[in-house]
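The chains referred to below are lettered A, B, ... by the order of the sequence lines, with proteins before strands, and numbering in each begins at 1.
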Amino acid sequence: MATETDDVFTRIGQWQMAGKGVALATVVRTWGSSPRPAGSHLVVDETGAFFGSVSGGCIEGAVIHEARAVIADGKPRLLEFGVSDEQAWEVGLACGGKVEVYVERVE
Amino acid sequence: MKADILHRLIALRQARSPCALVTRIIDGCQSLIAGGSPDGDLVLTPAHLEQIAARLAADKSGPLEADPGLFVRVYAPPSRLFVVGAVHIAQFLAPMATMAGFEVTVIDPRRAFANADRFPDVELSDEWPDEAMAKRLPDAQTAVVTLTHDPKLDDPALVVALASPAFYIGALGSRRTHAQRVERLTAEGLGEQVTRIHAPVGLDLGGRSPAEIAVSVLAQIVMVKHGHDL
């Protein structure tokens, strides 16, 4: 067992050893009652497998989708998520917070 | 993230060295700051470095005040927990604390208790508690909890802990046991320090089983770590 941050980097190492492309997502800014603080990490491999979290499970699906695009083209992205609209099935935070997530490919 | 930054970041964390990764969000350029000196693609001013140092000291990641386009991710070394007494409660406390982000060391000179069968995946020491802890010197990110019920083992560990800046010190035992412990430690000249000991140990959750006591101890450690009170 290891700590959460160590586990993220352990996971990166394992996926790279297996020859998989990896992206690292990081919460860079939060407003209101977003669930995870700045610095929280989510790692994603090219198949969509993931470890860690950038929210309480609300936006991970969308971040994983974008992360696979980042792995494919190597261009970092800054993603913004606001309050979700249940009627529109929009991705967002039901808690009423707002969060920015930076996604980069790990070389 | 470039491979060399990743590898240095992992090495710094393994060495328990605090470091900060600075990322320019617009293009992904990065520098790693460890021991005050930056290394990487970014040009950082003394004002930048000062604010990064402040974030490192506060263990707080976030955008740089002087330039919000730069994001600072602080990697502080994990908190440590020394568990004195490889007893039944420790078998629950050690994995729970590990999952909560602590680096756990279980200390017990009785090898029948402190062995890898009973404690897989945890650092074990079969030295005397004072020697084991003197080697690992508790710092301000260290919690110490004694669980042996035996003053011959608990007291020497508490003496080392009380002389250290450990952020949490807890000792298992009833109020009566603790009153006797306070008397002994006071006789050793630690009268002013003994109030730092949390005893009876843990939050009063009402549970009595070893696993439930482990939850109450870990809950109290987390609460103290974050400066909260009930």
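In A:Gln14, the CD atom is crowded: over 12 heavy atoms of neighbouring residues, nucleotides or ligands sit closer than 6.0 Å. For B:Lys2, the NZ atom is loosely surrounded, since the number of other residues' heavy atoms within 6.0 Å does not exceed 12. Within a 6.0 Å sphere centred on CZ of B:Phe119, other residues, nucleotides and ligands contribute more than 12 heavy atoms.
Using a 4.5 Å cut-off on side-chain heavy atoms (C-beta onward), B:Lys60 and A:Pro37 make no contact.
The line from OG of B:Ser61 to NE2 of A:His41 is 7.5 Å long, rounded to the nearest 0.5 Å. Here the CZ atom belonging to A:Arg77 is positioned 14.0 Å from the CD1 atom belonging to B:Ile25, to the nearest 0.5 angstrom. Atom OG1 of residue A:Thr10 and atom CD1 of residue B:Ile10 lie 7.5 Å apart, to the nearest 0.5 angstrom.
Proximity to chain A is absent for every atom of B:Ile26, based on heavy atoms less than 4.5 angstrom apart.
Taking both residues in full, the closest heavy atoms of B:Phe71 and A:Ala38 are given as CE1-CB, 4.2 Å, listed atom of the first, atom of the second, then distance.
Inspection of non-hydrogen atoms places no residue of residues 124-149 of chain B under 4.5 Å from chain A. Below 4.5 Å, heavy atoms of chain B meet heavy atoms from A:Gln16, A:Leu24, A:Thr26, all part of residues 16-26 of chain A.
Among residues two or more places apart in sequence or in another chain, the ring-ring contact (aromatic ring centres under 6.0 Å, His included) test is passed with A:Tyr102 by none. Every residue two or more places apart in sequence or in another chain that forms a side chain to side chain contact (heavy atoms under 4.5 Å, CB included) with B:Arg8 is listed here: B:Asp4, B:Ile5, B:Leu32, B:Asp39.
Within the 3.5 Å criterion, the main-chain N or O of B:Ala3 finds no donor-acceptor partner in the side chain of A:Glu107.
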